[in-house]
Undergrad: 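Here you go, one structure.
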Amino acid sequence: MKQFIARQPIFDHRMSVYAYELLYRFDGEHNFAGTLLNPDRASSETVMSTFHSLGIEKITGGKLAFINFTSNLIEAGVATLFPSRYLVVEILEDVMATPAVLKACRELKQAGYMLALDDFRNTPERRQLLALADIIKVDWLNTPKHEIEQLAANLGPDKPILLAEKIETREMFDKALAMHFSLFQGYFFSRPTILSEKKVEPLMVNYLRLIRLVNRKEVDFTHLANIIRRDVVLSYRLLRLVNSVYFGMRYMVKDIQHGLAILGMKEIRKWISLLAMVGINTGKTPELVRMSMIRGRFLEVYGQLHLASENTEVLFMIGLFSLIDVILEQPMPELMAQMSVPAEVSAPLLTKNGMEVVVLDMLASYEQGLWEEVLDKCVQLGLSEQNMTRLYLDAVLWCNEFME
């Protein structure tokens with residue numbers, strides 16, 4: 001079995017993650033192009049492997065998981081094998097409202113499952129399902145705007161939640177919000193809105209200074225420790241990190257300077273950069289920092305396994321800083337200069353050249369479920385589908401554990 005599984009965030013109006021849709025590509029007994037000759041098997045394989053092998057609550061960080069269901073899977077009651085508190089049954093657009101499907105959907109509702117209608121169009125065939133739906137997903141790009149307006153205006157008092165998918169710009173988000181959509185899906189949040197005249201907030205400046213400090217050739221440990229001590233959250237996270245399973249400590253470290261000495265210079269650069277990135281994220285959605293962490297971890301482990309690299313902390317920081325221009329809404333060259341990161345970190349992010357950039361491009365495609373582009377990059381990198389998925393999901397679990 002060859003299988004890609006990725007997750008795409010679904011946001012509420014406050015840009016907090018409400019749920020993740022699990023995107024998948026299953027390649028078993030059919031062609032390598034990604035055409036699903038057996039969608040029932042693909043969906044069931046995804047559901048079974050995710051829930052039982054990995055644990056859905058780990059993959060989604062305890063958030064809801066939207067997973068596509070075909071007519072046969074709905075009728076077979078596959079969803080009831082799994083906890084209703086994590087699963088949203090996403091009914092594909094080609095599912096017809098047959099008596100058997102309607103009966104199965106009513107039973108799912110009675111059992112406490114949420115139902116979402118994918119790519120909803122207000123046709124007679126879909127209206128019977130509409131009465132059972134908790135969430136309606138509307139394709140913002142491909143649905144005529146007058147249809148969207150009519151749908152939003154004509155829903156009754158017990159109307160389902162409206163979810164706008166394929167939102168690609170902030171302008172689209174604002175329009176959907178004005179039309180009383182409550183949930184939003186798409187990669188608008190990761191698109192850079194660079195405002196060169198915008199000033200970085202004082203708190204963020206402090207974190208950028210911290211990154212600059214640890215990237216000096218000679219680091220003053222006492223000065224660094226004093227800076228960290230002034231930030232309660234940063235102090236807590238650093239001590240928790242040093243005392244964690246990552247370093248296998250046999251005794252508790254309670255002093256910041258002692259903790260820094262234990263980490264060593266390479267690890268200090270990596271972990272202080274990570275902790276600073278978590279602290280920097282005060283304006284944008286935290287999902288951007290999660291994505292940055294996943295990219296950093298993926299690059300780091302890929303370097304260990306496939307490049308035998310001794311500078312994996314450099315690869316980690318390349319991934320970690322890959323979205324910092326989006327987070328801070330500042331040009332990448334200015335941010336790299338402010339942080340004074342080593343040239344081996346800044347060069348790939350500025351020139352868009354090198355193996356690291358191929359990996360970042362592959363991850364960006366993977367996050368969006370663009371499987372053909374992912375496959376092309378996997379070939380370039382000598383990475384199998386199985387290993388790609390494993391490294392990605394391991395990075396997701398690592399990120400979730402760190403953010404706890």
Undergrad: Run the numbers on Lys377 and Glu373 for salt bridge (Lys or Arg N to Asp or Glu O under 4.0 Å), then give the verdict.
TA: CA-CA 6 Å; Lys377 296 295 190 300; Glu373 296 179 17; 5.8 Å; no
Undergrad: Please check if atom OH in Tyr236 has more than 12 non-hydrogen atoms from other residues, nucleotides or ligands closer than 6.0 Å.
TA: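 Atom OH in Tyr236 is not crowded, with 12 or fewer foreign heavy atoms closer than 6.0 Å.
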Undergrad: Under 3.5 Å, side chain of Thr389 to main-chain N/O of Gln386, donor-acceptor pair present?
TA: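 The answer is no, because no donor-acceptor pair under 3.5 Å joins these two groups.
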Undergrad: Below 4.5 Å, heavy atoms only, C-beta onward: do Leu350 and Met332 meet side chain to side chain?
TA: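 Result yes, sub-4.5 Å side-chain heavy-atom pair found.
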Undergrad: Here's a test for you: under side chain to side chain contact (heavy atoms under 4.5 Å, CB included), which of Leu234, Leu238, Ile256 qualifies with Arg229?
TA: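 The passing option is Ile256.
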Undergrad: Test Val341 against Arg212 for side chain to side chain contact (heavy atoms under 4.5 Å, CB included), laying out the working first.
TA: CA-CA 7 Å; Val341 297; Arg212 182 168 66 239; over 6 Å; no
Undergrad: Within 45 degrees of the ring normal and closer than 6.0 Å to the centroid, is that where the cationic atom of Arg170 sits relative to Phe188?
TA: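 The answer is no, since Arg170 fails at least one limit relative to Phe188.
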Undergrad: Less than 4.5 Å apart, side chain to side chain, heavy atoms only: is that true for Leu183 and Lys137?
TA: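 No; the side chains remain at least 4.5 Å from each other.
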Undergrad: Does Asn400 reach the main-chain N or O of Lys58 with its side chain, forming a donor-acceptor pair under 3.5 Å?
TA: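 Side chain of Asn400 to backbone of Lys58, a donor-acceptor pair under 3.5 Å: yes, one is there.
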Undergrad: With a 3.5 Å distance limit and no angle check, can you tell me whether Tyr113 reaches the backbone of Ala79 through a side-chain donor-acceptor pair?
TA: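 Yes; judged by distance alone, with no hydrogens or angles, the pair exists.
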Undergrad: Quick one: closest heavy-atom pair of Leu323 and Ser292, and the distance?
TA: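 In terms of heavy atoms, the two residues are closest at CB-OG, 3.6 Å.
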Undergrad: Go through Tyr366 and Phe4 one step at a time and tell me if the ring pair (Phe, Tyr, Trp, His ring centres under 6.0 Å) criterion holds.
TA: CA-CA 8 Å; Tyr366 196 88; Phe4 286 149; 5.5 Å; yes
Undergrad: Is there a side-chain contact between Cys105 and Leu115, using heavy atoms and a 4.5 Å cut-off?
TA: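 A side-chain contact under 4.5 Å exists here.
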Undergrad: Any donor and acceptor pair, going by atom type alone, linking the side chain of Ser182 with main-chain N or O of Ile161 inside 3.5 Å?
TA: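 No: the side chain of Ser182 does not pair with the backbone of Ile161.
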Undergrad: Looking at side-chain heavy atoms only, is the closest gap between Tyr302 and Leu383 below 4.5 Å?
TA: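 Result yes, sub-4.5 Å side-chain heavy-atom pair found.
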Undergrad: Rounded to the nearest 0.5 Å, how far apart are CD1 of Ile148 and CG of Asp139?
TA: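 Output value for this atom pair is 8.0 Å.
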Undergrad: Apply side chain to side chain contact (heavy atoms under 4.5 Å, CB included) to the pair Glu90 and Phe69, showing each step before the final yes or no.
TA: CA-CA 6 Å; Glu90 186 167 332; Phe69 278 76; 5.8 Å; no
Undergrad: Just wondering, do Ile268 and Phe221 contact through their side chains at under 4.5 Å, heavy atoms?
TA: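 Yes - at least one pair of side-chain heavy atoms lies under 4.5 Å apart.
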Undergrad: Dump the intermediate steps for ring pair (Phe, Tyr, Trp, His ring centres under 6.0 Å) on Phe184 and Phe11, then the final yes or no.
TA: CA-CA 5 Å; Phe184 311 88; Phe11 298 100; 8.7 Å; no
Undergrad: Taking all non-hydrogen atoms of both residues, which atom of Ala65 and which atom of Thr60 are closest, and how far apart?
TA: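 Nearest heavy atoms, Ala65 then Thr60: CB-CG2, 3.9 Å.
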Undergrad: Sub-3.5 Å donor-acceptor pair from the side chain of Lys63 to the main-chain atoms of Val17, do we have one?
TA: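 Looks like yes, one N/O pair under 3.5 Å.
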Undergrad: Does any non-hydrogen side-chain atom of Leu349 lie less than 4.5 Å from one of Ile318?
TA: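 They are in side-chain contact.
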Undergrad: Restricting to non-hydrogen atoms, name the atom on Ala164 and the atom on Trp140 that form the minimum distance, rounded to 0.1 Å.
TA: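 Looking at all heavy atoms of both residues, the closest pair is CB-CE3, 4.0 Å.
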Undergrad: Using a 6.0 Å distance limit plus a 45 degree cone around the ring axis, check whether Lys270 lies over the aromatic ring of Phe316.
TA: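 Yes, a cation-pi geometry.
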Undergrad: Which heavy atom of Tyr18 sits nearest a heavy atom of Met114, and at what distance?
TA: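 For Tyr18 versus Met114, the nearest heavy atoms are OH-CE, 3.5 Å.
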Undergrad: Verify the distance criterion only: is there a donor paired with an acceptor across the side chains of Glu367 and Tyr392 at less than 3.5 Å?
TA: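 There is no such pair (donor and acceptor under 3.5 Å, judged by atom type) between the side chains of Glu367 and Tyr392.
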Undergrad: Any ion pair linking Arg390 and Glu385 (charged N to carboxylate O, less than 4.0 Å)?
TA: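 The answer is no: the pair does not qualify as a salt bridge.
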Undergrad: Just checking, is any N or O donor in the side chain of Gln368 or Gln8 under 3.5 Å from an acceptor N or O on the other one?
TA: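 Checked: Gln368/Gln8 side chains show no N/O donor-acceptor pair below 3.5 Å.
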Undergrad: Measure the spacing between CG of Leu117 and CZ of Arg127 and express it to the nearest 0.5 Å.
TA: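 Here the rounded value is 13.0 Å.
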Undergrad: Quick check: do Ile5 and Ile59 have side-chain heavy atoms less than 4.5 Å from each other?
TA: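 No, their side chains stay 4.5 Å or more apart.
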Undergrad: If you take all heavy atoms of Val345 and Phe321, which pair is closest and at what distance?
TA: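 That closest heavy-atom pairing would be CG1-CD1, 4.0 Å.
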Undergrad: Nearest 0.5 angstrom please: Met339 CE to Leu213 CG, how far?
TA: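 Here the rounded value is 14.0 Å.
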Undergrad: Tell me if a side-chain donor or acceptor on Ser340 pairs with a main-chain N or O of Met336 at a distance below 3.5 Å.
TA: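 No; zero donor-acceptor contacts below 3.5 Å.
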Undergrad: Kindly check if the number of other-residue, nucleotide or ligand heavy atoms within 6.0 Å of NZ (Lys175) is above 12?
TA: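 Atom NZ in Lys175 is not packed in, count stays at 12 or less.
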Undergrad: Kindly indicate, with the supporting measurements, whether the criterion side chain to side chain contact (heavy atoms under 4.5 Å, CB included) is fulfilled by Leu151 and Leu162.
TA: CA-CA 9 Å; Leu151 175 65; Leu162 288 174; 4.2 Å; yes
Undergrad: Is a salt bridge present between Arg121 and Glu147, judged by a nitrogen-to-oxygen distance below 4.0 Å?
TA: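 Glu147 and Arg121: salt-bridged.
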Undergrad: Give the intermediate values and the outcome of side chain to side chain contact (heavy atoms under 4.5 Å, CB included) for residues Leu130 and Gln128.
TA: CA-CA 5 Å; Leu130 179 60; Gln128 293 182 75; over 6 Å; no
Undergrad: Could you tell me if Ser322 and Arg295 have a donor-acceptor pair between their side chains, going purely by distance under 3.5 Å?
TA: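 On atom types as modelled, these side chains qualify, holding a pair under 3.5 Å.
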Undergrad: Looking at Lys109 and Asp134, does any basic side-chain N land under 4.0 Å from a carboxylate oxygen?
TA: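 Salt bridge between Lys109 and Asp134, a charged N being under 4.0 Å from a carboxylate O: yes.
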Undergrad: Salt bridge between Arg269 and Glu313, side-chain N to carboxylate O under 4.0 Å?
TA: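 Looking at Glu313 together with Arg269, the answer is no, because their closest N to O distance does not fall below 4.0 Å.
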Undergrad: Just so I know, are the side chains of Met277 and Ile327 near enough to count as touching, which here means a heavy-atom distance under 4.5 Å?
TA: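 They are in side-chain contact.
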Undergrad: Which value, rounded to the nearest 0.5 Å, describes the distance between Thr169 atom OG1 and Met172 atom CE?
TA: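 The distance works out to 4.5 Å.
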Undergrad: Nearest 0.5 Å please: distance from the CG atom of Leu108 over to the CD1 atom of Ile91.
TA: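 Answer for the CG-CD1 pair, Leu108 versus Ile91, is 8.0 Å.
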Undergrad: Between Glu149 and Lys145, does at least one N-O distance fall below 4.0 Å, as a salt bridge requires?
TA: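 Salt bridge flag = no for Lys145 with Glu149.
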Undergrad: Can you give me the closest heavy-atom contact between Asp325 and Leu335, atom names plus distance?
TA: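 Minimum heavy-atom separation between Asp325 and Leu335: CA-CD1, 3.7 Å.
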Undergrad: First locate atom CG of Leu363, then atom CD1 of Ile294, and finally report the distance between them rounded to the nearest 0.5 Å.
TA: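 The CG atom of Leu363 sits 9.0 Å away from the CD1 atom of Ile294.
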